[in-house]
Amino acid sequence: MNDVRGLVEQYIAVWNETDGDKRRALIADVFAGDAGYTDPLGAVAGHDGIDQFVGGAQQQFAGLTFSLPAAPDAHHDLARFQWHLGTPGAEPVAIGFDVVELRDGKIAAVHGFLDKMPG
């Protein structure tokens with residue numbers, strides 16, 4: 001479970017890393033090469049697709065950070081967790097719930113759900 005928590009924390013770090021080179025290095029550490037990411041706002045695959053999707057979200061929500069409000073719940077090769085987006089110490093402007101499929105210590109697929117979005 002500690003390995004899963006660490007991987008999920010690295011996943012959140014990907015979303016918070018604004019330096020493109022550092023973000024791409026994190027993506028390579030966290031995601032399988034053929035990983036897929038799907039949520040209501042889009043679907044992408046591979047490291048380049050994930051990097052572009054994350055970069056777009058960072059532009060849209062500049063100055064806000066992602067955080068984990070609780071530890072992930074995991075079994076077999078699956079983990080689920082809620083995330084918050086906002087300013088530390090303030091009410092989150094967005095809340096989501098992700099389910100990740102794990103393979104060989106990396107994330108192979110993300111299935112994202114949005115519980116609260118601004119506007």
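Quick note: numbers below take in every heavy atom, side chains included, and nothing from hydrogens, waters or symmetry partners.
Taking the side chain as every heavy atom from C-beta outward, Leu78 and Leu102 never approach each other to under 4.5 Å. With contacts defined as side-chain heavy-atom distances shorter than 4.5 Å, the pair Gln10/Leu7 qualifies. Using a 4.5 Å heavy-atom threshold, the side chains of Asp98 and His111 count as separate. Within the 4.5 Å cutoff, side-chain heavy atoms of Pro88 are placed close to those of Thr65. Counting heavy atoms from C-beta outward, Arg23 and Val14 have side chains that approach closer than 4.5 Å. Contact annotation: the side chain of Phe61 approaches that of Leu85 to within less than 4.5 Å [non-hydrogen atoms, C-beta and beyond].
Under the salt bridge (Lys or Arg N to Asp or Glu O under 4.0 Å) test applied with Arg24, the options Asp51, Asp19, Asp48 reduce to a single match, Asp51.
Looking at Lys116 and Glu91, a side-chain N of the basic residue comes within less than 4.0 Å of a carboxylate O on the acidic one, giving a salt bridge. A salt bridge is defined here as a Lys NZ or Arg NE, NH1 or NH2 lying under 4.0 Å from an Asp or Glu carboxylate O, and Asp34 with Arg103 meets this definition.
For the pair His47 (side chain) and Ala32 (backbone), a donor-acceptor distance under 3.5 Å is present. Under the 3.5 Å distance criterion, the side-chain polar atoms of Lys106 are left unmatched by any main-chain donor or acceptor of Gly33.
By the criterion of side-chain heavy atoms lying less than 4.5 angstrom apart, applied directly or through intervening Ile, Leu, Val, Met, Phe, Trp or Tyr residues, Val4 is not grouped with Val99; the two fall into different hydrophobic clusters. Cluster annotation: Ile95 is not connected to Ile12 through the hydrophobic network of ILVMFWY side chains, with a link wherever side-chain heavy atoms come within less than 4.5 Å. Both Val54 and Leu114 are members of a single hydrophobic cluster when ILVMFWY side chains are connected at heavy-atom separations under 4.5 Å.
Shown here are the ring pair (Phe, Tyr, Trp, His ring centres under 6.0 Å) partners of Phe66, two or more places apart in sequence or in another chain: Trp15, Trp83.
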May I have the step-by-step check of side chain to side chain contact (heavy atoms under 4.5 Å, CB included) for Tyr37 and Ile107, ending in yes or no?
CA-CA 10 Å; Tyr37 178 93; Ile107 295 175; over 6 Å; no
Would Val44 and Gln52 count as a side chain to side chain contact (heavy atoms under 4.5 Å, CB included) here? Give the steps. CA-CA 9 Å; Val44 296; Gln52 291 171 5; over 6 Å; no
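The aromatic rings of Tyr11 and Phe81 lie perpendicular to each other, with more than 60° between the two planes, well past the 30° mark.
Closest approach of Arg5 and Ala71 over heavy atoms only: NH1-CB, 3.0 Å. The heavy-atom pair separating Asp115 from Gly96 by the smallest distance is OD2-C, 3.9 Å. Contact record, Gln58 with Asn16: NE2-C, 3.9 Å, taken as the closest heavy-atom pair. For the residue pair Ala94 and Met117, the shortest heavy atom distance occurs at CB-SD, 4.0 Å. Between Thr38 and Ala43, the shortest heavy-atom contact is OG1-CB, 3.9 Å.
Phe53 CZ to Leu41 CG: the interatomic distance, rounded to the nearest 0.5 Å, is 5.5 Å.
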